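Read the structure below first, then the notes.
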Amino acid sequence: DFTSLKGYDISLFIASIPFKGRSIPIFVKVFMKKDLDEVKYLSKNTFIKGCIEELLEILPFKPIIIADREFATSFVFDIFQRYKISFIVRLKKNLVIVFANGKKKHLRDLEPGKYYGWIKDKWMIVSVRENKKDKADPWILGYSHEFVNRNSLHMAQIYLKRSQCEQMHRELKSRLN
C-alpha cells in the first residue's frame, strides 16, 4: 500500500503479509514531499520502484503482489514484468483492454467473466465480478499468466486477503491521527 497521512506531507509505502485474519507489516518506508523538492526522488513512481526493489532483495521468496487501483500504472506493470513478479491488481474502470483481434473496450463496459488482452501494453488476464456491496463498482482484477487456470471467484478471494492488510493500515493511520 502507498498511503498518505492526512494533514502531513508524508506518505508511507507498506508491504504486509496477510496472516490468520490480520496483517503483518514486513516493510515500511517513509516518503516525504520534501524528497521531491530536494530531488532525492524524481517522482513517487521512482520511490515506489526503489521500495519494490529493496523488498525483493530482502525477501527469501518471490512474492505475489496484491495491490489496489493506484498501482495499476504502466510504470508498476513494467516493474512486475522486469522482475517477473506475479501480481493481482484491482484495475480502474476507465482503462482500456485490447483483445488479440485488435478490438478495444473500456473495462467498465465488460460483462462479468474472464478476458485476455493487453492493458497499458502488458498482457494479462482480466476478471470482472459483480460487487455484492456496490453493484455500480464491479471488481475488475488484472493478474499475471501464472493464474490462467484459476477462476474469477478464486482470484477475488485471494484479492480479499489484501483487505486484511488494508484494515491494519487504516488502524495504523488512525493511531497516527
Side-chain angles (χ1 to χ4, degrees), residues 1-4 11-24 43-45 47-49 51-52 55-56 61-171 173:
D1 190 42
F2 189 64
T3 187
S4 13
S11 297
L12 299 174
F13 179 92
I14 306 171
S16 303
I17 296 176
F19 183 73
K20 293 187 178 185
R22 297 297 293 159
S23 175
I24 302 171
S43 67
K44 285 185 179 181
N45 281 341
F47 173 78
I48 290 169
K49 177 182 179 274
C51 289
I52 291 172
L55 187 59
L56 290 173
F61 56 87
K62 195 89 153 218
I64 296 171
I65 305 261
I66 304 172
D68 62 9
R69 291 176 265 212
E70 70 184 302
F71 289 92
T73 66
S74 293
F75 186 82
V76 173
F77 290 140
D78 285 343
I79 294 168
F80 293 163
Q81 188 173 28
R82 186 175 317 125
Y83 293 101
K84 297 178 173 64
I85 298 171
S86 300
F87 64 89
I88 303 167
V89 177
R90 189 157 182 204
L91 299 171
K92 299 172 188 171
K93 293 185 285 188
N94 66 340
L95 293 176
V96 172
I97 184 169
V98 180
F99 298 102
N101 62 8
K103 289 187 179 180
K104 299 176 181 180
K105 205 168 198 180
H106 277 96
L107 297 181
R108 68 176 160 259
D109 298 329
L110 296 175
E111 295 295 321
K114 192 173 179 180
Y115 303 88
Y116 305 89
W118 287 267
I119 300 212
K120 302 231 176 227
D121 297 323
K122 302 296 176 244
W123 185 90
M124 67 182 71
I125 304 158
V126 174
S127 170
V128 179
R129 288 198 54 85
E130 183 180 281
N131 181 347
K132 291 181 182 178
K133 290 183 180 177
D134 183 359
K135 294 193 187 286
D137 190 22
W139 284 61
I140 305 172
L141 301 176
Y143 42 94
S144 49
H145 70 278
E146 295 84 356
F147 304 110
V148 71
N149 294 323
R150 306 286 175 90
N151 65 40
S152 61
L153 174 61
H154 186 240
M155 298 312 294
Q157 289 169 333
I158 293 172
Y159 181 80
L160 278 173
K161 292 192 178 295
R162 186 189 178 288
S163 62
Q164 296 171 359
C165 297
E166 187 68 31
Q167 182 59 36
M168 186 276 306
H169 297 162
R170 278 190 210 102
E171 291 170 12
K173 282 172 66 172

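Quantities reported herein were computed from a predicted structural model and do not represent experimental measurements.
In this structure, the ring of Phe87 has its center less than 6.0 angstrom from the ring center of Phe77.
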Original post:
Given the rule in the side-chain contact (heavy atoms from CB on, under 4.5 Å) test, do Arg150 and Ile158 qualify, once you have shown the distances and angles that lead to the verdict?
Top reply: CA-CA 11 Å; Arg150 306 286 175 90; Ile158 293 172; 4.1 Å; yes
**OP:** Check the pair Ile52 / Ile85 against side-chain contact (heavy atoms from CB on, under 4.5 Å), numbers first and verdict last.
**Re:** CA-CA 10 Å; Ile52 291 172; Ile85 298 171; 4.1 Å; yes
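If you take CD1 on Ile119 and OG on Ser74, they are separated by 10.5 Å, rounding to the nearest 0.5 Å. Distance CG/Asp109 to NZ/Lys104: 14.5 Å, rounded to 0.5 Å. If you take CD1 on Ile97 and NE2 on His106, they are separated by 12.5 Å, rounding to the nearest 0.5 Å. Interatomic distance, CG of Leu91 versus CZ of Arg69, reported as 9.5 Å (0.5 Å rounding). Taken from CG in Leu56 to NZ in Lys62, the straight-line distance is 6.5 Å, to the nearest 0.5 Å. The distance from atom CZ of Arg82 to atom NZ of Lys49, rounded to the nearest 0.5 Å, is 5.5 Å.
Using a 4.0 Å cut-off between charged nitrogen and carboxylate oxygen, Asp78 and Lys120 do not count as a salt-bridge pair.
For the pair Tyr116 and Phe99, the tightest heavy-atom approach, listed with the atom from each and the gap, is O-CD2, 3.5 Å. Nearest approach of Tyr143 to Met155, heavy atoms of both residues: CZ-CG, 3.5 Å. Heavy atoms only, all atoms of each residue included: Leu153 and Asn151 are closest at N-OD1, 3.1 Å. Nearest approach of Ser144 to Ser86, heavy atoms of both residues: OG-CA, 3.3 Å. The nearest pair of heavy atoms linking Val128 to Pro138 is CG1-CB, 4.3 Å. Pairing each heavy atom of Ile125 with each of Phe147, the nearest pair is CD1-C, 4.1 Å.
The number of heavy-atom neighbours closer than 6.0 Å to CG of Asp121, taken from other residues, nucleotides and ligands shown, is 12 or below. In this structure, Ile64 places its CD1 atom where only 12 or fewer heavy-atom neighbours from other residues, nucleotides or ligands lie under 6.0 Å away.
Side-chain atoms of Ile65 and Phe71, non-hydrogen and from C-beta on, never get closer than 4.5 Å to each other. The shortest distance between side-chain heavy atoms of Lys92 and Leu107 does not fall below 4.5 Å.
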